[in-house]
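The first residue of the sequence shown is numbered 1, and numbering continues consecutively from there.
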Amino acid sequence: MEKVASAAKHMEITGIVQGVGFRPFVYNLAVAHGLCGWVRNTSAGVEIEVEGAADALDLFTRQLVSKAPPLARIESITVTDVAPNSYTSFVILQSEPRADAYQLISPDIATCADCLRELFDPQDRRHAYPFTNCTNCGPRFTIIEDIPYDRPKTTMRSFRMCPDCQAEYDNPADRRFHAQPNACPACGPHLRLVQGPVAADALSQDDLIGAERSRGAPFSFSPAAETTGEGFRHSRTDATADLGPVDANERVIQETSHLLKAGAILALKGLGGFHVACDATNDAAVSRLRQLKQRPSKPFAVMMATLDDVRRHCLPSSAETELLVSPASPIVLLPWRDDSTLARAVAPNNRYLGVMLPYTPLHHLLLREVGRPLVMTSGNFSEEPIAKDNDEALQRLGKLADAFLMHNRGIYARYDDSVWFVPLADRPQPVRRARGYAPSPVRTTFPLGSILACGAELKNTFCLTRDRYAFVSQHVGDMENLEALAHFEATVALYERLFRIKPVALACDMHPDYLATRYAQERATSGGLPLVPVQHHHAHIASCLADNDWPPDAGPVIGVAMDGTGYGSDGHIWGGEVLIADYDSFKRFGHLQYLPMPGGEAAIRRPYRLALAYLQSCLGALPGLPFVASVSPTEVDIAQRMVEQSINTPLTSSCGRLFDAVSALLGVCGEASYEGQPAIELEMLAGDVQPTPDSPYPFSVDSGEVRIIRLEALLEAIVRAVQAGRPTPEISAAFHNTVAQMIARLCELAREEKGLNTVALSGGCFQNRQLLRLTVNALQARGFCTLLHRQVSCNDGGLSLGQAMVAHFTSRGNE
Ligand SMILES: [Zn+2]
Ligand SMILES: [Zn+2]
Ligand SMILES: [Zn+2]
C-alpha cells in the first residue's frame, strides 16, 4: 500500500553534527517513524528533507534534539514547511559542498565503552586492534584536511575499507555507519616498532640489560631490529613477518612493553603527535629521560590504566574524576599521595601530579600489557612543537628515544594533551587547551566580526572569530623559533580553511618583538588590513570576560591581572595590575610597585638576581640572609651595579617576578629551569599551612591617580621572619595571604571610587591554587562577584581570545 505524505519539512541543522553519527541517527529516527525523504551533510552542517504523517513528523522533530547522539552538539535548527515530494524511502545522500559555508568540527574523542569492549573481546574481529573507533569516538580534528568531513578529506583516504568494514560503514543500523576513520586489522593502519640506530648511540646496551636483569624480565635488546604489522615495507625479516597483521600488532605491543619494563625510553605515536614514554615507577628511567630531554625538573604527565590505578597514586575529587573520565580525557593535576610508588623525579618538589587515562585503543592495550603507570610527555625538546610524522620523529627525537612505536595513520594537525586543574571545588579551569577541546569554539551571545588575533609569545594560541564563535586554536607552544612559527602559520591556515574565515582585522600584543606580533604586522601590511595592538593585561581581562560571556553592554569590571610579564603602555613591564576594563578600553587603576629587573628577561631564569635587586631597592642595602651568602660576591656586585646605574634593567610591576624574588629570598628556588618554577615550588611549600597570626604582612597603598602597592614593608617583614628562624612554609603561606589581601584592598578602593562590584581574575599567577583560593575568599568575604576562567586558560594561552574581543569592539567603535 502506498503511503501518502500529509506534510513535509525541510531542515537545516548546525553545530557539531558531522563525524558524530548524526546522519545514521537521523536515518534510524526517520525509519522508526515511517518517514521518507533524505539527509545529507553540507559544508554548513546537516540538511534534511522529511515527509509523512503530521504527528510522526512532529515527534521526529522533537526527538532530533532530545535523542541526538552523545557527541553531537546542535547549535540551531531551521525548519520550513515544504510541499511533499512523494519519496518512497529515506536515504542518505552525497555530501553537498557550499561555498563559504562552514560547520563546527568535533575534537578527537577518547575510546568509547563499546569500542573498549570489542578491544578486549577475544571473539571480536577487532580484538586487540589498536585503531578501533566508531562514530562516538576516535580521531576527528587531527585527521581532517578540509570540509565537508568525509573520508577523502582525511588522512584515512589511503586506506581502502575491506568488505566487512565497508558493510558497517554502509549500514545505517551499525554504530560505524559513516564513521570516517573506520578500520580493522585487515584494512586499517598498523603498528611498527623500530629499535633505532638511535639506541646504539644514545644508550649502551649494558644500561638496558642491567635494568632488565634487576627486574628479571625476559628481554633481549637488538639495535635496529624492527617489528612490523602490515602496511609497512619490511626492512628486515624477523619473527613477526610470518604472523598475520593482528598478531603482528599484538607482538609489537608485547615487545614495546618489554622495552618499557626494562627501563627503555620509547617514542610513541599517538593521536596528535608523539609522546615520549618510560616506566613512571623506574627512578633511573625517569632520571635518564630528564637528562636526555634536557628538562631537569619540569613535571612530567603520567598515564595510568584505570581509575583504580589513579586512586592508588592520587586523591582525585569528584570534579577531578569527572574530568579524567570525560570524552576529552585530559591530563588533570591531582593531589599526589605520599605513599605513591611512582618515582618522585616525575614531578620534583610538587604536591600534584598530572595524570590522564588511556584515550586511544593503543594506550589501553599498552598500559594493560605494561601493568604500571607510564610517563607520557610531549615528543619534543623544550617547548618546540610536538613531533607528528614518523620521519620527523625519527629525526628530531633520535637522541631521546631507544625505540619508536609508530603507525601509518597520518596526523594532519599537531595536537598536544590538554591540561586541567580544579583549584576551587567545582570550578575547573584549563591550564592548556588542546586535545579533546579545540577546535570547539568559545561561544558568545553577541555577534563577532572576522578577526584574527595572534596571541602571545609563550604558550601561544591564536583566535579566529566569526558569527557568535571564537575559535581559539589548540596550544601552539612557545613562539621562540622558526619551527614554532611554521606550526603557527600552518594551523592558522587550517582554521581559516575549515571555518571559512577571511579576517577583516588583525590583533596582536603590544610587544614589538614577539614573533606572533611580527606575523600580524606583516599580514596586516600585505593584506591592507587594520591591526589592533592590544595591551597584554587588557587582553587577559577581556579574555576572562569573553570566557564568562560577559555582555558588552554590561559596562566595565575591576580586572585583576596577576601575571608574569607583559608590555605596558608606559614602556615598563607590567604584571601586577588592577584595571577598570571592558572589551574596548581600560584604565589602569593600580599596580604593584615598580622594581628593577636586572638583565631584563634574563632575570626570569635567575630569580636570585631579582631578589638581590628587590632587596637593594626596597631596603637600601642587602640584609644578612643565607641566600645572599650563597650568591657569589661577583654576582652580587653585578646585580648591584646594574640596579644603581640602570644598565639593561627595566622596571616591572609583575606579580610573577615578586613570587620569583620571594622564592629566591627564602632559598626555595634561586635558578629556574622552567617557566614558573620558583613560584610553583613556593606554592607547594605553603600547601595547606594556615597563615599565621602575623599574616598578612604589612603593606601600604600610595594614593594618587594610579594606586601603587608599596612592597618595602612586605619585604622587610619577610627578611625579619627568615632572620627569626620562622619555618619557610609558614612564611610562604603568609606571603600568599598578603598578596591576596593586597588585591582585595585595591578592589575595595576601586569599588569605592567607581561603584563596581564584579572582579575578573586573570593572568598566569592565578594558576597558583593557593593564591587563587585566598584571593577569591578575600573578595567574596567583601561581597564581590568574581569571574574566573572556565574554557580558556588564565595564562597566556587564553590571551588570543581577549585580543580578538578588544580588536572586534575597538574596530566596531571606529566604524
Ligand atoms: Zn567507539
Ligand atoms: Zn576492515
Ligand atoms: Zn600574560
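- Between the side chain of N408 and the backbone N or O of H190 there is at least one donor-acceptor pair closer than 3.5 Å.
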Kindly indicate, with the supporting measurements, whether the criterion side-chain contact (heavy atoms from CB on, under 4.5 Å) is fulfilled by K269 and D389.
CA-CA 8 Å; K269 187 173 178 183; D389 299 323; 5.5 Å; no
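- With rounding to the nearest 0.5 angstrom, the CZ atom of R497 is 10.0 Å from the CD1 atom of I144.
- The closest side-chain heavy-atom distance from R468 to P441 is not below 4.5 Å.
- Atom SG of C278 is separated from atom CG of L289 by 5.0 Å, given to the nearest 0.5 angstrom.
- The closest donor-acceptor contact from the side chain of N182 to the backbone of H178 lies at 3.5 Å or more, if one exists at all.
- Listed for the S793 side chain is a donor-acceptor partner under 3.5 Å among the backbone atoms of V431.
- Taking a 6.0 Å sphere around CD of E489, one finds it holds more than 12 heavy atoms contributed by other residues, nucleotides or ligands.
- Annotation: side chain of F766 is not in contact with side chain of D563 (no heavy-atom distance under 4.5 Å).
- Under the ring pair (Phe, Tyr, Trp, His ring centres under 6.0 Å) criterion, Y583 pairs with F446, F809, not counting sequence neighbours.
- Counted by atom type alone, H540 and D796 present one or more donor-acceptor pairs between their side chains at under 3.5 Å.
- Taking the side-chain contact (heavy atoms from CB on, under 4.5 Å) definition, one finds that A520 meets it with C454, C508, L531, sequence neighbours left out.
- Side chain of N133 to main chain of F131: a donor-acceptor pair is present (N/O by atom type, distance under 3.5 Å, no hydrogens or angles).
- Comment: K153 does not engage D150 in a salt bridge, judged by the lack of any side-chain N to carboxylate O separation of less than 4.0 angstrom.
- Applying the ring pair (Phe, Tyr, Trp, His ring centres under 6.0 Å) test to H487 and every residue at least two apart in sequence or in another chain returns nothing.
- Residue R157 qualifies as enclosed at atom CZ: its count of foreign heavy atoms under 6.0 Å is above 12.
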Could you check K502 against S450 for side chain to side chain donor-acceptor pair (under 3.5 Å), going step by step and ending with a plain yes or no?
CA-CA 6 Å; K502 287 194 188 79; S450 296; over 6 Å; no
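- For CZ of R295, the number of neighbouring non-hydrogen atoms (other residues, nucleotides, ligands) closer than 6.0 Å is greater than 12.
- When only modelled atom types and interatomic distance are considered, E577 and S653 share a side-chain donor-acceptor pair under 3.5 Å.
- The ring-ring contact (aromatic ring centres under 6.0 Å, His included) test with F586 singles out one residue from H537, H538, H536, and that residue is H538.
- Side-chain N or O atoms of R435 include one that pairs as donor or acceptor with a backbone N or O of S329 at under 3.5 Å.
- Inspection of the D416 and Q474 side chains reveals no N or O donor paired with an N or O acceptor under 3.5 Å.
- Using modelled atom types, one side-chain atom of N481 and one backbone atom of E483 make a donor-acceptor pair closer than 3.5 Å.
- For CG of D391, the number of neighbouring non-hydrogen atoms (other residues, nucleotides, ligands) closer than 6.0 Å is 12 at most.
- Qualifying salt bridge (charged side-chain N to carboxylate O under 4.0 Å, His left out) partners for D108, counting only residues two or more places apart in sequence or in other chains: none.
- With hydrogens and angles ignored, the 3.5 Å screen pairs no side-chain donor or acceptor of N548 with any backbone N or O of H789.
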Would H407 and R192 satisfy side-chain contact (heavy atoms from CB on, under 4.5 Å), going step by step from the backbone distance to the final call?
CA-CA 6 Å; H407 59 72; R192 181 172 65 154; over 6 Å; no
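- Side-chain atoms of D582 come within 3.5 Å of backbone atoms of D584 as a donor-acceptor pair (strictly under, hydrogens ignored).
- Distance check: S473 OG to N460 CG gives 6.5 Å after rounding to the nearest 0.5 Å.
- Rounded to the nearest 0.5 Å, atoms NE2 (H475) and OH (Y415) are 13.5 Å apart.
- Between F471 and Y102, the ring planes lie perpendicular to each other; the angle is over 60°, past the 30° to 60° tilted range.
- E457 contributes atom CD, which lies 8.5 Å from atom CG of D513 (distance to the nearest 0.5 angstrom).
- Side-chain atoms of L452 and V492, non-hydrogen and from C-beta on, do get closer than 4.5 Å to each other.
- Remark: R523 pairs with E496 by the salt bridge (charged side-chain N to carboxylate O under 4.0 Å, His left out) rule, at least two apart or across chains.
- Side chains of E75 and Y469: a donor-acceptor N/O pair is present below 3.5 angstrom, by distance only.
- Using a 4.5 Å cut-off on side-chain heavy atoms (C-beta onward), N136 and I109 make no contact.
- Here the side chain of R466 pairs no donor or acceptor atom with the backbone of I451 at under 3.5 angstrom.
- Side-chain atoms of N795 and Q767, non-hydrogen and from C-beta on, do get closer than 4.5 Å to each other.
- Under the salt bridge (charged side-chain N to carboxylate O under 4.0 Å, His left out) criterion, E12 pairs with R98, sequence neighbours left out.
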Does the pair L374 and L266 meet the rule for a side-chain contact (heavy atoms from CB on, under 4.5 Å), with working shown?
CA-CA 10 Å; L374 295 179; L266 266 285; over 6 Å; no
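- In this structure D549 satisfies the salt bridge (charged side-chain N to carboxylate O under 4.0 Å, His left out) test with no other residue, sequence neighbours excluded.
- For the residue pair T565 / S654, no side-chain donor-acceptor distance below 3.5 Å is found, with atom types taken as modelled.
- A donor-acceptor contact shorter than 3.5 Å is absent between the side chain of S418 and the backbone of R433.
- The minimum heavy-atom distance between L271 and P139, with the atom names listed, is CD2-CB, 3.8 Å.
- Residues satisfying the side-chain contact (heavy atoms from CB on, under 4.5 Å) test with I680, not counting sequence neighbours, are N350, Y674, M684.
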side-chain contact (heavy atoms from CB on, under 4.5 Å) between Y359 and D417, worked out:
CA-CA 10 Å; Y359 57 84; D417 292 316; 2.7 Å; yes
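- Relative orientation of the H363 and H275 rings is tilted, given thresholds of 30° and 60° on the angle between their planes.
- Taking CH2 of W574 as the start and OH of Y567 as the end, the distance is 11.5 Å to the nearest 0.5 Å.
- Taking S673 as the reference, P296, S297, Q677 meet the side-chain contact (heavy atoms from CB on, under 4.5 Å) condition, with sequence neighbours excluded.
- Here D146 pairs with R500 in a salt bridge; the nearest charged N to carboxylate O distance falls below 4.0 Å.
- Taking the ring pair (Phe, Tyr, Trp, His ring centres under 6.0 Å) definition, one finds that F462 meets it with F488, Y495, sequence neighbours left out.
- Applying the side-chain contact (heavy atoms from CB on, under 4.5 Å) test to P130 and every residue at least two apart in sequence or in another chain returns L191, N249, I253, L362, L365.
- A 4.5 Å side-chain heavy-atom check between T465 and H808 finds every atom pair outside the cut-off.
- For Y412, the ring pair (Phe, Tyr, Trp, His ring centres under 6.0 Å) test picks out no residue, with sequence neighbours left out.
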